[in-house]
Amino acid sequence: MSEFDLRKFEEEAHERWTHAFEPDPSDTEKFYLNVAFPYPSGAMHVGHGRTYIVPDVVARFWRMKGKQVLFPMAFHVTGAPVVGISKRIARQDEKTIRLYRDLYRVPQNVLDSFTDPLTIVRHFAAEYQRVMTDCGLSIDWRRRFITVDPTYSRFIEWQWKHLYEAGHVIKGAHPVRYCTVDDNPVGDHDLLEGDKAEVIRFTMVMFRYGDAFIPTATLRPETIHGVTNLWANPNVTYVRAIVDGKAWIVSKEAAEKLALQDHSVEIKEEVPGKSLIDKNVSHPLCGEVPILPADFVDPDMASGLVMSVPAHAPFDYIALRDLQQAGKYTTIKPIPLITVEGYGEIPAQDAVEKAGIRNQMDSRMDTLTQEIYSAEFSKGKLFAKYGGKPVRVARDEVAVLMTEKYDSVVMYEFDVRPVVCRCGNRVKVKILHDQWFLKYSDPEWKQQVSDHLKDMALVPPEVRVEFDRTVGWLKDWACTRRVGLGTRFPWDKTQLIEPLSDSTVYMAYYTIAHKIRDIDPKLLTPEVFDYIFLGKKSDELPEKKKLDAMRQEFLYWYPYDFRFSAKDLISNHLTFQLFHHVTVFERQNDKLPKGMVVFGMGLLNGAKMSSSKGNVFLLEDAVKEFGADTVRMFLMGSAEPWQDFDWRNELVLSTRKQIERFYNNVMETKDASGEPHDIDRWLASRLQAHIARTTTALDNFQTRQALQEAYFGIESDLKWYRRRLPEDCDGSRELHALCSVWVRLLAPFIPFTTEHLWKELAGEGLVSFAPWPVANPKLVNAKAELAEELLARTVEDIESILKLIQLKPKAITIALAPDWKEEIFRTVASAADKNTVVKEIMKDPAMRKRGKAATDAARQITTLIHRLPPHVIEPLVREPISEQDIFETAKTFLEQEFGVPVHITGAGESDLAKAATALPFKPAIIIE
RNA sequence: GCGAGGGUUGCCAAGCCAGGUCAAAGGCGCUGGAUUCAGGGUCCAGUCGCGCAGGCGUUCGAGGGUUCAAAUCCCUUCCCUCGCACCA
């Protein structure tokens with residue numbers, strides 16, 4: 001008998017699998033699944049392992065179910081990260097070198113070449129392919145590509161032509177977080193501080209100050225009617241600057257910011273804050289008001305000057321009160337302009353006094369401000385003299401009025417400060433021009449996606465709300481970049497198409513990737529792709545024959561059946577691809593994605609896996625140490641795909657033992673030759689349920705559930721089976737069939753071991769293409785299962801009694817319940833209302849005669865029925881079993897189990913007191 | 001803050017949608033036993049408390065409620081994880 005040797009199984013299988021998983025269009029029904037392709041900037045860890053093994057298990061499952069399965073793979077190399085990596089390696093950055101040399105184990109000579117970003121992705125793409133193959137992924141590698149292949153770029157250009165023609169690609173200006181030192185937009189990951197900072201749009205209210213303007217930024221322009229004063233910080237030096245030809249007085253910081261926001265700014269002179277205090281300014285909507293001193297005014301916030309509305313802004317109210325308590329400016333009174341339910345005439349005063357706030361430093365001030373802001377926005381109304389409109393309406397109207405008539409402009413600012421770039425510089429808001437967008441905000445486009453989403457299968461179903469929400473929430477997406485790898489943007493060749501925007505319909509490209517390679521990229525005009533993907537004919541198409549073959553591939557495979565990807569891509573990639581699909585394949589609903597499966601994340605020993613933190617276990621090492629099948633089975637069995645899983649070496653080790661146990665089980669039983677017994681009926685019956693449940697689980701992508709059924713379910717049955725065999729028998733010849741089923745059920749999970757076993761079982765061809773087992777209803781034997789259930793329960797009871805009484809038994813008597821109890825059992829079990837059934841039973845004169853014994857029995861039986869599983873009750877009611885026969889047949893077994901004589905008797909015939917406790921399906925047990 | 005998911009017996013983790021099969025699957029760990037047995041491997045048993053008869057008691061983040069019956073349904077509350085855009 002051949003030894004359990006995973007390494008050997010792997011070698012054998014790899015040899016036999018060469019070119020086995022390269023499907024072409026055929027008459028067979030297809031199943032196309034794909035997974036978000038990796039960005040190969042480093043080595044694969046076990047977390048990546050699961051991402052690709054799940055679809056492989058599914059692919060193998062459907063392949064065995066007789067489908068023509070396409071599982072392709074490619075590499076996404078578009079974007080900026082490797083550019084940064086190559087730069088860091090070029091300048092010998094310690095951390096980066098350590099990561100690549102020590103953790104990823106890149107040889108020095110290769111590492112030296114990493115100063116070229118493309119070399120990095122090429123190297124790791126090759127590594128990925130090698131490790132994926134080691135894992136037994138049944139990928140069609142003929143279709144592999146990387147996203148900077150010129151051929152792929154032609155495809156992207158074609159895709160974008162359609163997006164553009166549909167009006168979804170627009171050019172515009174856009175406020176972004178910007179670092180003036182790096183001279184680049186700053187993403188979240190590039191921030192040292194303030195990573196949650198949002199860009200807020202303020203209205204600048206322009207107060208007239210002599211021949212100049214003093215702008216104050218506000219989110220509540222309608223409160224202009226209640227302005228009593230301005231605040232300036234006397235300790236700050238402001239500047240007088242010519243902004244767009246007019247004189248403004250703002251803080252120095254503000255002047256710099258305005259220059260980044262489409263204003264021409266020329267600083268003329270400094271203006272000490274002190275010099276502004278007590279001067280007057282005016283605005284057409286509020287008249288003349290004074291400038292008052294306030295230390296809280298931050299020069300780095302908007303213009304560095306603030307308009308004060310003490311009636312509605314708690315901060316303003318307190319600041320004014322503080323001054324007035326010192327005896328200054330006592331003539332100024334808050335001017336209310338909004339009525340709002342739940343607050344008095346002057347809401348800010350009301351709120352501050354109710355809360356008992358003493359000064360500006362009180363920590364509750366922010367919450368209070370937020371409260372009033374929300375209350376007034378949602379429920380507030382302007383006074384009749386200011387138009388009487390709800391705040392939410394008036395706010396925008398006043399803003400428009402100010403912009404049109406009173407010189408107001410927009411200024412962008414962050415909601416939190418400070419915002420600091422990795423380089424240490426303060427980040428500002430810059431308005432970027434020549435910025436291109438995908439107009440995801442377009443309601444019509446959104447609607448198209450929503451409509452299609454309704455028809456899609458989403459796994460697990462809970463993610464549907466997240467998709468719906470994302471579609472609603474998506475705003476315009478900046479889709480071009482200035483740095484990185486990628487395809488040139490057709491309408492501005494200095495820019496590149498952004499990575500999340502060039503990876504949305506490539507699933508269609510997979511169908512032709514292996515064939516389009518033969519054609520010179522120069523010939524790949526949009527017309528060529530229009531023909532392949534949309535069937536649009538046009539004159540003078542090159543290589544017509546090849547194009548026809550590709551058209552045929554596309555028509556055969558598309559749309560894809562399922563796409564697999566991680567949860568965190570819902571809010572961008574997974575939704576983007578739907579937007580792109582509905583446009584590119586407009587009016588071809590039969591080419592739109594059919595389903596998606598969303599993954600959870602991976603943990604390593606309870607902590608999040610992260611390459612940068614070094615908390616990773618390389619997939620390659622795992623495969624070497626434990627074997628590919630072990631890694632696969634562990635990853636599939638420890639959690640369902642959408643749940644988070646935790647990799648722990650000690651658990652993986654026990655998975656390996658399980659595979660070995662399975663292997664030995666099959667090897668030991670496959671050639672059994674005994675005569676079949678009753679217990680074989682039982683085993684076969686149970687097997688049908690395992691087949692059905694494993695199949696259902698895999699139909700639903702529940703890899704864990706499927707493994708529980710296919711592995712543990714069958715294993716524990718086999719254990720009981722062996723226990724029930726007569727002493728001189730090691731199993732019947734029917735076990736061969738069970739082994740065949742078992743091996744096939746586990747083939748998607750542990751393909752290497754099962755491939756070997758399949759050969760040992762003399763199965764035809766590869767197990768990878770063997771027919772998936774189908775449950776045979778004819779082999780389902782409810783009676784046999786019930787009999788074993790009764791027996792197993794009784795054995796368990798006997799064991800637990802023996803353990804308790806701790807005495808050596810001389811004999812065991814099993815006393816069976818009398819017929820009248822059986823009758824009660826059936827009555828109770830089939831009764832709709834189990835509360836009144838006892839009364840019903842006692843109406844029967846025969847029962848009444850039995851008196852208390854009958855009521856007691858009825859009560860006990862009701863409890864018992866509640867405790868028994870439905871799968872026992874139901875057949876029991878439908879078709880009574882003979883407990884007598886069952887125990888008589890199993891008598892030898894019981895005697896063998898317990899080593900003492902076993903007597904079977906009817907409870908009525910026994911004079912032992914205990915016998916009276918016998919119930920149907922729960923015989924009385926008397927141990928002597 | 002907004003959105004989503006989650007808190008189960010030493011640990012991991014089923015169960016919850018369709019309330020009684022639940023003292024609660026499976027695995028790990030631990031304890032004991034078997035095995036011509038190396039403190040390793042494999043196998044068996046135990047692993048909330050009490051009990052010399054298959055039982056009883058107390059548990060499923062916390063607090064209430066519905067019900068004959070709740071880990072499962074409803075309400076309140078506390079805690080954790082993830083996503084929130086120019087990044088793959």
Side-chain angles (χ1 to χ4, degrees), chain A residues 36-41 76-82 174 176-177 185-190 196 198 370 415 432 435 437-438 440 460-463 465-466 468-470 472-481 484 498-501 503 566-573 576 600-601 603 606 608 634 637-640 642-646 648 650-655 657-658 660-661 664 704-705 707-708 711-713 715-716 719 789 793-794 796-807 833-836 862-863 865-873 914 917 922-927:
Chain A
F37 52 15
Y39 182 75
S41 64
H76 194 211
V77 305
T78 317
V82 281
H174 184 53
V176 294
R177 293 192 293 235
V186 193
D188 261 348
H189 54 289
D190 288 326
K196 285 282 171 279
E198 271 186 73
Q370 192 54 44
D415 59 341
L432 226 52
Q435 179 60 59
F437 294 91
L438 278 168
Y440 292 134
E462 299 87 68
V463 300
V465 285
E466 277 204 71
D468 287 338
R469 202 187 126 270
T470 302
W473 160 86
L474 275 177
K475 294 175 249 170
D476 295 344
W477 179 264
C479 61
T480 55
R481 295 290 177 274
E498 178 274 334
L500 286 177
S501 307
S503 53
K567 216 196 300 235
D568 49 349
L569 293 189
I570 294 175
S571 60
N572 48 50
H573 165 76
F576 288 4
M601 323 178 296
L603 304 177
K608 199 169 156 182
F634 174 78
S638 63
E640 299 296 3
W642 41 89
Q643 297 172 319
D644 297 347
F645 76 93
D646 192 7
R648 287 174 196 263
E650 68 269 21
L651 299 187
V652 179
L653 216 53
S654 82
T655 302
K657 287 183 212 157
Q658 285 159 356
E660 185 168 1
R661 221 155 60 216
N664 291 334
R704 181 192 155 90
Q705 181 67 35
L707 258 181
Q708 293 272 337
Y711 182 84
F712 297 104
E715 192 193 38
S716 74
K719 233 178 191 171
E789 177 94 33
R793 281 169 180 268
T794 309
E796 231 172 80
D797 278 354
I798 296 173
E799 280 172 342
S800 76
I801 296 167
L802 283 175
K803 208 163 56 211
L804 265 172
I805 59 174
Q806 308 253 312
L807 87 216
D833 185 351
K834 300 206 170 26
N835 300 316
T836 55
T862 310
T863 313
I865 283 171
H866 276 146
R867 287 187 177 183
L868 287 172
H871 75 254
V872 168
I873 306 284
K914 280 249 171 280
T917 62
K922 196 168 180 61
I925 296 158
I926 301 104
I927 295 171

Checklist outcome for this item: Regarding the side chain of A:Gln708, the nearest nucleotide among B:A85, B:G26, B:G27 is B:G26
Next on the checklist: Please report the distance, rounded to the nearest Å, between CD1 in A:Ile798 and P in B:G55.
Outcome noted: 14 Å
Checklist outcome for this item: Tightest non-hydrogen contact, residues A:Tyr440 and A:Asp476, listed as N-OD1, 3.6 Å
Checklist entry - With a 4.0 Å cut-off on heavy atoms, is A:Ile873 in touch with a base, just the backbone sugar-phosphate, or nothing at all? => result nothing
Checklist entry - Out of B:G20, B:A88, B:A14, which nucleotide sits closest to the side chain of A:Gln643? => result B:A14
Item to check | Short side-chain to backbone donor-acceptor contact, A:Gln435 and A:Leu432, under 3.5 Å | outcome: no
Item to check | Touch class at under 4.0 angstrom, heavy-atom based, for A:Ile570 against every strand present | outcome: nothing
Next on the checklist: Please name the nucleotide paired to B:C68 by Watson-Crick or G-U wobble geometry with both distances under 3.5 Å, or report none.
Outcome noted: B:G20
Checklist entry - Would A:Glu498 and A:Trp477 count as a side-chain hydrogen bond (donor to acceptor under 3.5 Å, both in side chains) if you check the C-alpha gap in whole Å, the side-chain angles of each, and the deciding distance to 0.1 Å? => result CA-CA 10 Å; A:Glu498 178 274 334; A:Trp477 179 264; 2.9 Å; yes
Checklist entry - Can you find a pair of side-chain heavy atoms, one from A:Arg793 and one from A:Lys922, that are under 4.5 Å apart? => result no
Checklist outcome for this item: Of the listed B:A85, B:A88, B:C56, the closest approach to the A:Leu500 side chain comes from B:A88
Next on the checklist: With a 3.5 Å limit on both atom pairs, tell me what B:C43 is paired to, counting Watson-Crick and G-U wobble, or say none.
Outcome noted: B:G33
Next on the checklist: Strictly by Watson-Crick or wobble contacts shorter than 3.5 Å, is anything paired with B:U58, and which nucleotide is it?
Outcome noted: none
Checklist entry - Tell me: CG of A:Asp476 to P of B:A85, nearest whole Å? => result 15 Å
Checklist entry - Tell me: CD of A:Glu660 to C1' of B:U42, nearest whole Å? => result 10 Å
Checklist entry - Going by the angle between their ring planes, with limits at 30° and 60°, are A:His76 and A:Phe37 parallel, tilted or perpendicular? => result parallel
Checklist entry - So what's B:C52 paired with, Watson-Crick or G-U wobble, going by both distances under 3.5 Å? => result none
Next on the checklist: Side chain of A:Phe712 only, heavy atoms from C-beta on: which candidate in B:A53, B:G26, B:A88 is closest?
Outcome noted: B:G26
Item to check | Minimum-distance nucleotide to A:Ser571 side chain [options: B:C28, B:C44, B:G83] | outcome: B:G83
Checklist entry - Which part of the nucleic acid, if any, lies within reach of A:Lys657 when heavy atoms closer than 4.0 Å are counted: base, sugar-phosphate only, or nothing? => result sugar-phosphate
Checklist entry - Where the side chain of A:Arg661 is defined as all heavy atoms beyond and including C-beta, which of B:A88, B:C28, B:C43 is the nearest nucleotide? => result B:C43
Item to check | Among B:C87, B:C28, B:A85, the nucleotide that comes nearest once only the side chain of A:Glu650 is considered | outcome: B:C28
Checklist outcome for this item: B:A4 -> Watson-Crick or G-U wobble partner, both distances under 3.5 Å, gives B:U81
Checklist entry - Is there a Watson-Crick or G-U wobble partner for B:C28 with both distances under 3.5 Å, and if so, which one is it? => result B:G10
Checklist entry - Where the side chain of A:Lys475 is concerned, which of B:A25, B:A85, B:A88 is the nearest nucleotide? => result B:A85
Checklist entry - Base, sugar-phosphate, or nothing: which does A:Thr917 touch, judged by heavy atoms less than 4.0 Å apart? => result base
Checklist entry - Is A:Pro460 touching bases, backbone alone, or none of the nucleic acid, heavy atoms closer than 4.0 Å? => result nothing
